[in-house]
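Below: the structure, in structure tokens.
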Amino acid sequence: MATTLPTRNILGVTIHALSQRQVLDYLAETALKQGRQQVVATANAEMVMLAKEDAAFGALLAAADLVVPDGAGVVWAARHQGNPVPERVPGVDLTQALLAYASKNGKKVFFFGAAPGVAEEAARRACKRFPGLVVAGTRDGYFSAADSPRIVAMINESGADLLFVALGVPKQEQWIQANRAALAPRVVMGVGGTLDVMAGRVKRAPVWMQRTSLEWLYRLLCQPSRFIRMLALPRFAMAVLFDKKR
Ligand code: UDP
């Protein structure tokens, strides 16, 4: 695949317009075959609004090698601009696709993040789901800044090829960019609440809600504490509709 990937600009944030299959092929080739480290971010409407309002977070997103359209809002915005993306690429699904690839191709993975015990449970379930998968290590996501060098060393010594970082937004993007040069894994991806879903601690929306772009509503109903964060969604929609630059 050519190195210039198709992109869309959503309110100043560059999103890569690739299907999940294309993302997987690209990462397999560049990161896992050629050994060029690829940092992957998953963008949703909340993150685009955060990037718009906080230049430091915008720079963190821009520094990622791949930004996939994780949220229905981002997919809608691209379509509204007349330049659709091939499909929604939810981080949780891309993670499963990468785990399937890793299990078939002898690549090791590391799960870093979430509450104590969650990464281990996610690993146990992933090994059942993907026979042959090697989880080289796990580490919970509660630590102080002084622990970071030790965590990086632990990840590197594990021999992991793919690292999934589940610290939530924006902590995971900050941690990844601060440590990427020191990290040995070739794929480093921020995955938010994915380990909670994989461990069975958080339920994913029913498929019909995913298909009808209502996953955000399901998350709001299950976790009402997300209400304030989700006020970004109508602001995102207004900003896209009234985007004067377009
Ligand atoms: N988390 C963590 N360390 C922290 C803060 C959060 O490991 O200091 C974890 C938290 O336990 C949860 C994930 O990060 O597993 C955030 O999940 P959420 O669904 O909120 O992700 P987001 O929507 O921010 O991507």
Side-chain angles (χ1 to χ4, degrees), residues 13 15 39-54 56-58 60-61 64 66-74 88-96 98 109-126 135 137-148 150-152 154-155 163-179 183 188-205 209-210 213-233 235-236:
V13 173
I15 310 280
V39 166
V40 185
T42 65
N44 61 26
E46 274 173 57
M47 290 165 76
V48 170
M49 289 314 277
L50 186 59
K52 195 165 138 55
E53 284 153 14
D54 176 352
F57 182 71
L60 289 174
L61 269 192
L66 267 188
V67 181
V68 303
D70 167 89
V74 170
R88 189 178 159 218
V89 183
V92 62
D93 293 341
L94 180 57
T95 301
Q96 307 315 301
L98 284 166
V109 306
F110 194 108
F111 294 151
F112 169 38
V118 173
E120 285 89 334
E121 180 59 22
R124 253 192 303 278
R125 293 185 182 207
V135 180
T138 59
R139 170 65 165 85
D140 71 73
Y142 292 84
F143 58 96
S144 67
D147 295 328
S148 271
R150 234 172 314 148
I151 295 172
V152 170
M154 182 185 178
I155 292 165
L163 170 64
F164 297 93
V165 184
L167 305 175
V169 175
K171 200 171 176 189
Q172 63 201 19
E173 286 74 22
Q174 290 161 346
W175 192 89
I176 289 171
Q177 288 304 334
N179 295 287
L183 283 166
V188 180
M189 179 171 163
V191 295
T194 294
L195 296 182
D196 293 312
V197 173
M198 288 173 62
R201 304 278 172 109
V202 170
K203 268 216 167 65
R204 217 173 154 204
M209 285 185 108
Q210 293 176 34
S213 303
L214 287 175
E215 196 157 12
W216 63 272
L217 178 62
Y218 184 84
R219 292 188 90 182
L220 179 61
L221 294 173
C222 293
Q223 295 169 270
S225 57
R226 299 183 85 91
F227 179 72
I228 296 289
R229 284 178 59 173
M230 285 196 166
L231 290 176
L233 301 183
R235 287 194 297 114
F236 172 82

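Counting starts at 1 for both ligands and their atoms, in listed order.
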- Task: Kindly determine whether Glu46 and Arg229 satisfy side chain to side chain contact (heavy atoms under 4.5 Å, CB included), including the steps that lead there.
- Result: CA-CA 7 Å; Glu46 274 173 57; Arg229 284 178 59 173; 2.9 Å; yes
- min-distance protein heavy atom vs atom 22 (P) of ligand 1 -> Arg229 NH2, 3.7 Å
- Task: Would you mind checking which non-hydrogen protein atom is closest to atom 7 (O) of ligand 1, with the distance to 0.1 Å?
- Result: Ala114 N, 2.8 Å
- Nearest to atom 3 (N) of ligand 1, what protein heavy atom do you find, and at what distance? Gly141 O, 2.7 Å
- For ligand 1, which part of Asp196 has a heavy atom less than 4.0 Å away: the side chain, the backbone, both, or neither? side chain
- Task: List the closest protein heavy-atom neighbour of atom 1 (N) of ligand 1: residue, atom name, distance to the nearest 0.1 Å.
- Result: Tyr142 OH, 3.3 Å
- Nearest to atom 18 (P) of ligand 1, what protein heavy atom do you find, and at what distance? Gly193 N, 3.8 Å
- closest protein heavy atom to atom 23 (O) of ligand 1 is Arg226 NH2, 2.8 Å
- Task: Have a look at Ser225, Gly192, Gly190, Ala166 and point out the one with the heavy atom closest to atom 25 (O) of ligand 1.
- Result: Gly192
- Quick one: nearest non-hydrogen protein atom to atom 16 (C) of ligand 1, plus distance? Gly168 CA, 3.6 Å
- Task: Quick one: look at Arg219 and ligand 1, take heavy-atom pairs under 4.0 Å, and tell me if it's side chain, backbone, both or neither.
- Result: side chain
- Message: Please determine whether any non-hydrogen atom of Leu195 lies less than 4.0 Å from an atom of ligand 1.
- Response: no
- Task: Just let me know how Lys171 lines up against ligand 1, side chain, backbone, both or neither, with a heavy-atom cut-off below 4.0 Å.
- Result: side chain
